[in-house]
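A quick write-up on the structure given underneath.
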Protein chains: 2
Amino acid sequence: MTVTIKDIARIAGVSYSTVSKALNNSPLVKEVTKRKILKVAEEMGYEPNLAAKQLVRKKTDVIGLMWPTIERIVLATLVTNISKAFEATPYSMILSVDSPETAMDTFKKFQVDGMIVFGESNKISVTTDNIPFVIYGVSGKNETTSPIIDANHEASMQKAVKHLFELGHRHIAYIGHLDTEDALQSEKVEGYEKAMKHFGLNEYIQIINSNGLNWFDGYTAIDEVLGQEKLPTAIIGGSYDISGGILRALQEKGVRIPADISIVSYDNIPQMATMEVPMTCTGVPVDILAEEIVHTIIERIESDEEIESVKKLSPTLTERESSGPPPNKR
Amino acid sequence: MTVTIKDIARIAGVSYSTVSKALNNSPLVKEVTKRKILKVAEEMGYEPNLAAKQLVRKKTDVIGLMWPTIERIVLATLVTNISKAFEATPYSMILSVDSPETAMDTFKKFQVDGMIVFGESNKISVTTDNIPFVIYGVSGKNETTSPIIDANHEASMQKAVKHLFELGHRHIAYIGHLDTEDALQSEKVEGYEKAMKHFGLNEYIQIINSNGLNWFDGYTAIDEVLGQEKLPTAIIGGSYDISGGILRALQEKGVRIPADISIVSYDNIPQMATMEVPMTCTGVPVDILAEEIVHTIIERIESDEEIESVKKLSPTLTERESSGPPPNKR
DNA sequence: TTGTACGCGTTATCAC
DNA sequence: GTGATAACGCGTACAA
């Protein structure tokens, strides 16, 4: 038999409403009694019954995270960080890997207070009968009233190019996934181009299509780079995996990083620090991103006012060993 | 305002207890009234309140899945399949990517009826105060009373070797991750050796250490293979990723699959069918595995008797294009 | 400062 | 077959 507040009340010699108040840290109960009650509760191994609480409070303190494409690992780190970020809040998070429809059903059933959605917002907005939610993804052509959290990809690229430019690089190539529907990828390339132009490096713009976002795509793309007459002195990799492949391929060909070629990678995740060569990277640090997402959904739940609907987060450039001055400046 | 059974009762002109029965498809209510009530409920958009139900039933119909190492993608397909398998049951699944301790807290809070745990059972067993659970993982030296679901790795390798042997292969090499604490990996190697001996192929046993489980580990391991004088006519890859690397590396060297070398991979997942060369594979099909895990936890919840505590599932060999007769038998 | 009583939405046990 | 009604565990006016 599980222990309820009535049991506590009996043992502690008070009424169970007092117990309830004490447990909720109400100012309406004397410090001494509060402490006594808490102690008794502790001893009896009391665990509040969420269902009962929810029944009267009309609130679950639970937030659902919809993550339908679990098999693309890129977001796993973000999920982990979001999960961690919630630990500092009164909210719990549950994760659904089902289709948006099934996930919605589950979340409705649990009566979550809010939802976090990754990616496209298309179908969701229709069925989301007034459960507040935030979207993490590209802020392109969405016409939802819910807040969208997005990294500022253009600024990320700006920072990467700036960093390399100031080190003395001119010929800075970009390797990423082109020709895709994925708006995120296009934004990155465009950001790169803009930044190059901004620094007057138009003639050095070189974009290489990796034809994919995976490790191997970066690995093979290097052939194209090394085949050319004039090598770039720096390469910007379009994703964590791509950069990993780039790094590996270069090392195998005897290219020294960063002495011969510098690399800067998109995606600011801790794993960058533990690569073969610790990787300089640009992007919104994943813990900040997580923090922001969590913060936003909670705010959206707790305040009735609408919040600004698109939030572009500023990236950080994290400098590591993979980037340094170009050969001619050493 | 959400609609409750009382609202339905009022509209339908019956008492709310009758509504409850109708909604639960009780035989104690006439067909006509049942249908009428159901119709009204439908029209009003009634959604049962889980919290209230749970409060009286002492059961949530929710099962928690603990998956702490989300960033190792290997299990993603399994998770997806488990999730899908639950859709055919009255249970819902929630996923936690937190540490076992935090996950346990969450699950307790939700009062899940049962839990599925991936991997080590060490710490869990202590804190799991009588929540039924099953473990998916290696059945080595665990001394828990909870059922462990495990694939029969030895049998998997047996089938792989048998398949190749019957096609005419003799020199069958194994590429996998050795020298690791991971019991699963060792079981696979041992299974390979045993199988080779069983078919009298002792002299052909060749084990190559990929030093990892990832794509690139398979990719590089091929160098070692091709460096030797006598090439194997068949290779068994220790994991999906490893095999992908093997396949790629061989193709790049102009080795034809399966004309020159046959490949069989461990891990029986649908993705095997969509590789560059559709891959023959061995192992418990992931949907069967998922089905079994779901089935076991539910059984464990619903029956009080203890079930057999270790369940070794039989593997299947799925034949595809990556394996065929060796060159000398063509 | 503490205790009483009611309601949250549902199931289950009785009567009718 | 159907309808009252008592739980389930908790929060909260309201009374004391």
Side-chain angles (χ1 to χ4, degrees), chain A residues 1-42 44-62 90 92 108-113, chain B residues 1-42 44-62 90-92 108-113 302:
Chain A
M1 187 53 199
T2 64
V3 26
T4 77
I5 53 172
K6 289 189 184 171
D7 301 323
I8 300 177
R10 201 161 13 81
I11 305 288
V14 292
S15 92
Y16 70 84
S17 78
T18 307
V19 174
S20 171
K21 285 169 198 147
L23 258 26
N24 289 297
N25 202 16
S26 157
L28 298 170
V29 44
K30 243 196 316 207
E31 262 308 319
V32 261
T33 35
K34 193 184 290 183
R35 251 202 300 281
K36 185 176 69 185
I37 290 172
L38 255 32
K39 189 159 147 275
V40 174
E42 175 72 39
M44 300 182 70
Y46 169 76
E47 298 254 11
N49 183 315
L50 191 105
K53 190 184 288 189
Q54 167 180 352
L55 198 51
V56 36
R57 287 206 323 148
K58 306 283 198 193
K59 197 161 174 312
T60 51
D61 292 347
V62 172
S92 303
K108 260 193 225 156
K109 185 172 151 193
F110 278 103
Q111 303 183 104
V112 297
D113 292 342
Chain B
M1 184 54 199
T2 64
V3 25
T4 77
I5 54 171
K6 291 189 183 171
D7 300 324
I8 300 176
R10 201 159 15 80
I11 304 288
V14 292
S15 91
Y16 70 83
S17 73
T18 306
V19 174
S20 173
K21 285 170 197 145
L23 257 24
N24 289 297
N25 202 16
S26 157
L28 298 171
V29 47
K30 239 194 320 203
E31 263 308 318
V32 260
T33 37
K34 192 183 291 182
R35 251 202 301 281
K36 185 176 67 185
I37 291 171
L38 255 31
K39 189 159 147 275
V40 174
E42 174 72 37
M44 300 181 69
Y46 168 75
E47 299 255 10
N49 183 316
L50 194 109
K53 188 184 289 189
Q54 168 180 352
L55 195 52
V56 36
R57 289 208 321 149
K58 305 285 197 191
K59 197 161 174 312
T60 52
D61 293 346
V62 171
Y91 291 84
S92 303
K108 260 193 223 156
K109 184 173 151 194
F110 279 104
Q111 303 183 100
V112 297
D113 292 341
E302 298 186 347

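Lettering follows sequence order; numbering is per chain, from 1. The structure presented is a predicted model; accordingly, all values stated were derived computationally and were not measured.
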Exercise answer: donor-acceptor pairs, residues 21-30 of chain A side-chain atoms, under 3.5 Å, sequence neighbours excluded:
residue, atom, partner, partner atom, Å
Asn24(A), ND2, Ser20(A), O, 2.8
Asn25(A), OD1, Lys34(A), NZ, 3.1
Ser26(A), OG, Leu28(A), N, 2.9

Where is the tightest heavy-atom contact between [X] and [Y], given as atom of each residue plus distance?
X	Y	answer
Ile8(A)	Ala41(A)	CD1-CB, 3.6 Å
Val3(B)	Gly45(B)	CG1-O, 3.7 Å
Lys53(A)	Pro48(A)	NZ-CB, 4.1 Å
Tyr91(B)	Val62(B)	CD2-N, 4.1 Å

Just compare [options] and give me whichever is closest to any side-chain atom of [X].
X	options	answer
Lys30(B)	dG11(D), dG1(D), dG9(C)	dG1(D)
Lys53(A)	dG9(D), dT10(C), dG11(D)	dG11(D)
Lys6(B)	dT10(C), dC10(D), dG11(D)	dT10(C)

**Q.** For Glu42(B), side-chain hydrogen bond (donor to acceptor under 3.5 Å, both in side chains) partners two or more places apart
**A.**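 Partners of Glu42(B) under the side-chain hydrogen bond (donor to acceptor under 3.5 Å, both in side chains) test: none.
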Q. Of all of residues 10-20 of chain B, which get a heavy atom below 4.0 angstrom from DNA chain C, listed by number?
A.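 Those residues are Tyr16(B), Ser17(B), Ser20(B).
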Q: Using the closest heavy atom to pick a nucleotide of DNA chain D for each, name whichever of Ala52(B) or Pro27(B) lands nearer the 5' end.
A: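 The 5'-side residue here is Pro27(B).
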Nearest-Å distance for atom pair [atom1]/[atom2], residues [X] and [N]:
X	N	atom1	atom2	result
Arg57(A)	dT12(D)	CZ	P	8 Å
Tyr46(A)	dG9(D)	OH	P	10 Å
Asn49(A)	dC8(C)	CG	P	18 Å
Leu50(A)	dG9(D)	CG	C1'	11 Å
Asn24(A)	dC10(D)	CG	P	10 Å
Gln54(A)	dG11(D)	CD	C1'	14 Å
Lys109(A)	dG9(C)	NZ	P	19 Å
Asn25(A)	dT1(C)	CG	P	14 Å

Q. How would you list, by chain and number, every residue that makes a ring-ring contact (aromatic ring centres under 6.0 Å, His included) with Tyr46(B), sequence neighbours excluded?
A.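 Counting only residues at least two positions away or on another chain, Tyr46(B) forms no ring-ring contact (aromatic ring centres under 6.0 Å, His included).
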Q: List in chain and number order the residues that pass side-chain contact (heavy atoms from CB on, under 4.5 Å) with Tyr16(A), two or more places apart in sequence or in another chain; answer none if no residue qualifies.
A: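 Tyr16(A) satisfies side-chain contact (heavy atoms from CB on, under 4.5 Å) with Ile5(A), Lys6(A), Ala9(A) only.
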**Q.** Partner residues of Lys109(A) under the side-chain contact (heavy atoms from CB on, under 4.5 Å) criterion, sequence neighbours left out
**A.**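 So Lys109(A) forms a side-chain contact (heavy atoms from CB on, under 4.5 Å) with Leu50(B), Ser92(B).
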Q) Are any of Lys58(A)'s side-chain N or O atoms less than 4.0 Å away from OP1 or OP2 of dG9(C)? A)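 Result: yes.
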Q.
Determine whether Leu55(B) and Asn49(A) satisfy the following criterion, side chain to side chain contact (heavy atoms under 4.5 Å, CB included), listing intermediate values before the conclusion.
A. CA-CA 9 Å; Leu55(B) 195 52; Asn49(A) 183 315; 4.2 Å; yes
**Q.** Degree of bending in the helix from dT1(C)-dA16(D) to dC16(C)-dG1(D) once both end axes are built from five pairs, to 10°
**A.**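 Angle reported: 40°, given to the nearest ten degrees.
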When you compare the protein's N or O atoms with those of nucleotides 14-16 of chain C, which come within less than 3.5 Å of each other, and at what distance?
none

(Q) For a quick check of understanding: with a heavy-atom distance under 4.0 Å over all strands, which category does Val29(B) fall into, base, sugar-phosphate or nothing? (A)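 Since only primed, P, OP1 and OP2 atoms lie under 4.0 Å of Val29(B), the category is sugar-phosphate.
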Q | Residue pairs, two or more places apart or on separate chains, that pass salt bridge (Lys or Arg N to Asp or Glu O under 4.0 Å) and touch residues 9-18 of chain B | A |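 Listed by first then second residue: Asp7(B)-Arg10(B).
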Q. Heavy atom of residues 32-41 of chain A under 4.0 Å from DNA chain D: which residues?
A.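 Heavy-atom contacts with DNA chain D come from no residue of residues 32-41 of chain A; none.
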Q | Partner residues of Lys36(B) under the salt bridge (charged side-chain N to carboxylate O under 4.0 Å, His left out) criterion, sequence neighbours left out | A |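 For Lys36(B) there are no salt bridge (charged side-chain N to carboxylate O under 4.0 Å, His left out) partners, ignoring immediate neighbours.
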Q: Go through the structure and list residues passing salt bridge (charged side-chain N to carboxylate O under 4.0 Å, His left out) with Asp113(B), not counting sequence neighbours.
A: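 Asp113(B) satisfies salt bridge (charged side-chain N to carboxylate O under 4.0 Å, His left out) with Lys59(B) only.
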Q | Partner of Ile37(B) by side chain to side chain contact (heavy atoms under 4.5 Å, CB included), out of Ile11(B), Thr18(B), Val32(B) | A |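 Only match with Ile37(B) under side chain to side chain contact (heavy atoms under 4.5 Å, CB included): Thr18(B).
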